[in-house]
Number of protein chains: 2
Amino acid sequence: MTAGSLSPHTLMIRKLESTFTFADEEKQALQNLPIQVTNLKAGRDIVRVGDRPSQCCLILEGFSCVYKLTSEGKRQLVALHVPGDIPDLQSLHLEVMDNSIALISPCTVGFIQHEDLRCVCERYPRLTAAFWRETLVDASIFREWLLNNGRREAYTRMAHLLCEFLMRLKAVGLVEDDAFDLPITQVELADAIGTSSVHVNRVLQALRGDGLVQTKGKQVIVPDWEKLKEAGDFDPLYLHLEDVGAARSPAVA
Amino acid sequence: MTAGSLSPHTLMIRKLESTFTFADEEKQALQNLPIQVTNLKAGRDIVRVGDRPSQCCLILEGFSCVYKLTSEGKRQLVALHVPGDIPDLQSLHLEVMDNSIALISPCTVGFIQHEDLRCVCERYPRLTAAFWRETLVDASIFREWLLNNGRREAYTRMAHLLCEFLMRLKAVGLVEDDAFDLPITQVELADAIGTSSVHVNRVLQALRGDGLVQTKGKQVIVPDWEKLKEAGDFDPLYLHLEDVGAARSPAVA
DNA sequence: CGAGCTTTTGAACGCAGTCAACAATTGTGG
DNA sequence: CCACAATTGTTGACTGCGTTCAAAAGCTCG
């Protein structure tokens, strides 16, 4: 089952419901949200720095990235998004885009008007909280990337990024038998972990050599999750995938 | 006039009002928000990874930092906060803390119960939007730091960080004559820009040598703002300090 | 099947880290 | 108010992770 087989609304609701429980009325409101679905080619920019969007985009199929450029033209990816994500949800409350968003693979994208989102949020505060939370998880991932790129060496960094992909894709049902498709070039991986693409190539060879990942074309296979986690110094806490579950067993007083 | 001379509520309201306009009723609701004020010593952790706080903290005076550690014990600051900031506002919707917060100088801190915040947000959706926006600006700063630490060299990175300090402190009235107090050690600066403290020392010497900054004890003086901005490849867009004003003069169609 | 990406490889270089020692500053208790 | 302790800042020498440049080999796709 791929994420693509779900309707846009169902995909969105499932994602939000992983940590919130909605009333039927709230779900219905989401179901009625107008979403304009489009297929777009890889490489295309969805929004650019300086834009003032009047809509958000929901990734339905494919991968997108959020990036920024230095004045010298050096590129840094600050986020990668998978189906179910809303890469520019921030634009709901930040007038001007401070980053660009590009598609790193052919994508099916759904556009939702700010107006419609604001409407539904105003009526249902729990939905506001759910969307707000989405942006907070994004922020948490930024923080982890800052740690990863700032204080880990390239080998560990790459392992960490692969761990994150595995977890996030698993959460939307895009992992089977510890394998997933990763349609991303080494140049893009380099821009994500802040190294040169040449070094990415060498680090990937090392990871393959150590038996931590196998690759078949665009497919990535993780033969030993525990070993990759250790190599990547990976703790999934920052993805906040199970806060609610955790909340049910409160910390010892 | 220092930020410390304002009441906690006034400081918070001023900050939120820089981009929102509130009705008297909304301001009154904020004024009535219970805030427990405390003075705390430098170096103290306010919250730690894994905590499940039931309150947020508002910095009233002094500086705090948000940090994360690798399993090897290497530290990365992912954010620095100045008076008016709420470093752990995320905890309102993320059950478990994914980072720790420490005071880098003696601070006056105000604690606000989640319950009270949720209450006021529920009643006044515009306040929800204002707080949500605060967390989105935090996220925008994370993104810029990712670019800064990932794709700029140490000299530029440091200049950029100093530019950010100047702008953010100016926004809360803590800059006079292009000078501000920066009670932060070189070790902490190193942890912020992801280098060694030895290198921070050398980079600071270079910046001083190039006449971009002067230091007198904890005080930083910026003799030529334009030059520092250029050296730091700094564009204040990401701070979103003037989105509303910008919105009044919409982009050319 | 050729054009254009993408991946791979090698070699030289350089930014920044590490280690270690010392100087300066700040803080503290007598 | 001084003396001592502790923290912070500074310097030098050596090392190394990762960059840069350039070229070749492999893929993908019209």
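All figures in this text were calculated on a predicted structure; none of them were measured in a lab. Every chain is numbered from 1, with letters handed out A, B, ... down the list of sequences. Computation of the quantities below employed the complete heavy-atom set of this structure, encompassing side-chain atoms and omitting hydrogens, waters and symmetry-equivalent molecules.
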Find the distance A:I193:CD1 to D:dT19:C1' and express it as a whole number of Å.
13 Å
Side chain of B:V198 (C-beta onward), nearest among C:dT18, C:dT9, C:dA16:
C:dT18
May I ask you to decide whether A:E134 forms a salt bridge with A:K15, counting only side-chain N to carboxylate O separations under 4.0 Å?
yes
Taking only side-chain nitrogens and oxygens of A:R208, does any of them come within less than 4.0 Å of OP1 or OP2 of C:dT8?
yes
Could you tell me whether the phosphate oxygens of D:dT11, OP1 or OP2, come under 4.0 Å of any side-chain nitrogen or oxygen in B:Q205?
yes
CD of A:E153 versus C1' of D:dG18: gap in Å, rounded?
10 Å
What's the closest nucleotide to the side chain of B:S196 if the choices are D:dT8, D:dT19, C:dT18?
C:dT18
Consider only side-chain N and O atoms of A:D233 and B:T70, and report whether a donor and an acceptor are under 3.5 Å apart.
no
Rounded interatomic separation in angstrom, taking CG from B:L189 and C1' from C:dG17:
17 Å
Ignoring the backbone of A:K74, work out which of D:dT8, D:dT20, C:dG17 is nearest its side chain.
D:dT20
Can you tell me if the side-chain N/O atoms of B:Q186 get under 4.0 Å from OP1 or OP2 in D:dT10?
yes
note: B:L207, atom CG; D:dG9, atom P; distance rounded to Å ~ 15 Å
Does the ring center of B:H81 lie less than 6.0 Å from the ring center of B:F165?
no
What is the distance from CD of B:E188 to C1' of D:dT7, rounded to the nearest Å?
12 Å
For B:E153 and B:T156, which I'm curious about, is there any donor-acceptor pair between the side chains at under 3.5 Å?
no
If you assign each of A:T185 and B:V203 to its closest nucleotide in DNA chain C, which residue comes earlier from the 5' end?
A:T185
How many Å lie between NZ on B:K218 and P on C:dA24, as a whole number?
17 Å
Would you kindly give the NZ-to-P distance between A:K41 and D:dG30, to the nearest whole Å?
10 Å
Checking contacts here: which listed nucleotide (C:dG17, D:dT19, D:dG9) is nearest the side-chain heavy atoms of A:R202?
D:dT19
Do A:F63 and A:C107 come close enough that some side-chain heavy atom pair is under 4.5 Å?
no
Taking atom C1' of D:dC17 as reference, at what distance in whole Å does atom NE2 of A:H199 sit?
6 Å
Under-4.0 Å side-chain N/O to phosphate OP1/OP2 contact, A:N201 with C:dT7
no
